Amino acid sequence: MHFDLTDEQESFRKVVADFARAEIAPHAEAWDRDHTFPVDTVRAMGELGLFGLPFPEEYGGGGSDFTTLCLAIEEIARVDQSVAITLEAGVGLGANPIFTYGTEEQKQRWLPDLCAGRALGGFGLTEPEAGSDAGGTRTRAVLDDVAGEWVIDGEKAFITNSGTAITSLVTITARTDVAGSGAAPEISTVIVPAGTPGVEVQPPYRKMGWHASDTHGLTFAGCRVPADHLLGQRGRGFANFLAILDDGRVAIAALALGTIEACLEQSVAYAKERHAFGRPIGGYQAVAFKCADLAVMAETARNLVYKAAFLKDAGRPFRKEAAMAKLYATEGAVTATREATQIFGGYGFMDETPVSRFYRDSKILEIGEGTSEVQRLVISRQLGLPV
Amino acid sequence: MNVVVCVKQIPDPADPGALEEDHTLKRTGKLILDESDSFGVEMALQLVDKAGGGDVTLVSMAPNDETSGLRTALAMGAAKAVLVSDPALAGAGALDTAKVLAAAIGRVEGADLILAATESSDGYTGTVPEQIAGVLDLPSITFAKHVEVADGTVSVQRQTELGYDQCESPLPAVVSVTAGVVEPRYPSFKGIMAAKSKPVDQVTVADLGIDASAVGAAGAGQQIVEVTPAPERQAGEIIEDDGEAHLKIIDFLDGLKVL
C-alpha cells in the first residue's frame, strides 16, 4: 500500500498550480467583483489539456485518469472556485455524459471541441421544482414521429456553463412517457445544441458566490432537436444521471479540498505574520489550534477524495466513498472558510482578502450535485438502512 | 534547423537548500528546471517552429542522474537531451562546466545554434555561455532579447543599458538569452506524458573523453572560502514634508549626481 502519486501526476499538478498562481489568482478578485466569466482563461486551460484529461485521445482527450482531473480541479480551487467549477462542470457534466452514453457519432461530433476547451457543455437536470427528486421532472420531450424530432417544453434551473460565449450544448433530462397515459414517469436525456430555436437562456442569476461562473435558467418552448439527439437509452435518463453524479461528487469534493488547503496555507501564513499584544497571533492557542484543525481537515479530505478517485480509476464500486468524500470535504470547506475568515479578523471580511471570497463561494458546495442530506441518504442506503 | 539549449537543473528556489561543508549548494534533493532557462527553451521551440523543421536538444550537467528539470523542458516540446552526470563533477567551477557542456554539445549532430540563459538562478556567475563559445571556438552574442535566424545567419537584438545593439553572426553560434523576453509555454498534459519516453543520452566525464582529475573540485582551481548572508536592506531616510521637502529631494538627487 502506498499514497504516492505518479511522477506524471506530480508534474502535471505542479504545472496546473503554476498556471493557477500566474494566470488565475491575480484576476480572481476582479472577476468576482465584476461577475466576469473568463473565457480566454478557459481556452488557455483547454490548451493545457485540462478539459480532456480523462477522455481517450481519439476524441481529443488526454488519455489520463480521473485522479489527475481531481488534482487539476483541486489546484485551481486553491485560488478560484468559479474557475474550478467551470472546469469540473465542463468535464463532469458537459463532456462526461456524451462520452459515457453517447453513440460513436455523438462522441465524434461533440467531444473534440469540449476536450480542447473550445466549447463548453452543460447538464440540465435541476428544475424550479425538481432536483435530486428526478420523478418530479416536468420538462417533457415528445417524439414527433413524422418530423423525426423531439419537441421539448419545460424549464431548467441553475445550469452551469449553459450561457457562455462558447457553450455548444446542454444535455437535459426530460419525461418521455406519454402525457396522461398513467404510466410510470419515464426519464430520458436529450442533447440540445446551443442556439436551437425554442430554447431561451435566461439572464444570469444573482448569486451569493461563484460570481465568475456561468449559471442560467433555461426555458424550452416547442424546442425541436433531431430524434438522434437522444443520449443513451430512452427511459434510462434517471439511472444515467445518477452514475454521472457519482463522478461529479468526487470532483466537487476535490474542489472543496483545494479550498480547505488554501484556507490552511493562508491562515498559517497570516498567523505567523500578524502580531497582537506583542507576538504573532499564531503564538496563541486560540489561533494555532484552529490551524491545527484545518490541517487535520485537509489531510482527511485529501485521503477521502484520492481514495474515491482511486476506486473509480480502478473500476471498482465507489458510490459510498464518493458520497463520503463530497459530504466531508464540502462541509469541511464551509467550516474551513469560516474559521479562516475568523483568523483574518476584520481583513477576512474584506473582498481583497481571498478567504472572504472563499467563504461566500463555499456554501453552494454543500448543495450542488446532491446536498449534504442526499449524501447522507446515499451513505445510509449503502449501509443497508431502509431510508 | 537544430537548436541546442543549455539548461541547468537547480534546487527549487521556493525551498532553498542548505550549503555543503565546502560552501557549495546542496544538490541532493529533487532539482527543477532553472526558470531562467525556460526562456531559452521557449525561444528555441519558436525558432525551430518558424524554420519549419528541426529539433531542440537539451544539454545539462547535474548530479545524481537528475532528469526532473529536463523532463519539464522535454514536456514543453524539446525532442531529446544529453545529461552529463558524474560524481567527479562535484564542486566544478564555471570553466569546468563550460568544458563539459561544450563536449556534450559535440555529441549533438548538426547543431546550428546554441542557446543558454545569461546566468543561472543559483550560481549567477554569468560566464558559462561565453566560455562554451570559447571552448568550441564559436562566435558568441550575449544578452539577446530577440533572435532571428535566416540564411545561415543569426540576427540578435542585444540588450544594452540604453536600448539594444543589432548584431549578426554566422551560424553556428552561441547566444545567451535574457530572462522575460518570451513567454515560456506551460507543458500540456500530453507534453508531460510524451516527455516520459523522449530519449535522454546519459553520459559520464569519461564518455566525453575528459580526464576526471582535471574537472570538479579536483580541477577547479578555485575554492569558496566563505559565504555570508547578503546585508539586510537598511531603512530609508524619511523626510517629513514641512513645505520644503521637495528641496531636500532635489538635494538628495543632486548628491547622487543623477540630475
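In what follows, chains are A, B, ... by sequence order, proteins preceding strands, each numbered from 1. Computed from a predicted model, the values in this text were never measured in an experiment.
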Is it the case that more than 12 heavy atoms not belonging to [X] sit under 6.0 Å from its [atom1] atom?
X: A:Y59; atom1: OH; answer: yes
X: A:Q108; atom1: CD; answer: yes
X: A:K307; atom1: NZ; answer: no
X: A:E104; atom1: CD; answer: yes

Tell me which of these, A:G62, A:A72, A:G49, has more heavy-atom pairs under 4.5 Å with chain B than the rest. A:G62
Best-contacting candidate, A:E23, A:E57, A:K14, against chain B by heavy atom pairs under 4.5 angstrom: A:E23
A:E47 side chain reached by B:Y186 side chain, heavy atoms, under 4.5 Å: no
Which portion of A:D18 sits near chain B, non-hydrogen atoms under 4.5 angstrom: both
Rounded to the nearest 0.5 Å, what's the gap from [atom1] on [X] to [atom2] on [Y]? Could you check?
X: A:E10; Y: B:S68; atom1: CD; atom2: OG; answer: 11.0 Å
X: A:S64; Y: B:K190; atom1: OG; atom2: NZ; answer: 12.0 Å
X: A:E8; Y: B:M193; atom1: CD; atom2: CE; answer: 5.0 Å

Scored by heavy-atom pairs under 4.5 Å with chain A, the best of B:G191, B:P187, B:A195 is B:P187
Assess whether side-chain contact (heavy atoms from CB on, under 4.5 Å) is satisfied between A:L48 and B:F189, documenting all intermediate values. CA-CA 6 Å; A:L48 275 187; B:F189 180 75; over 6 Å; no
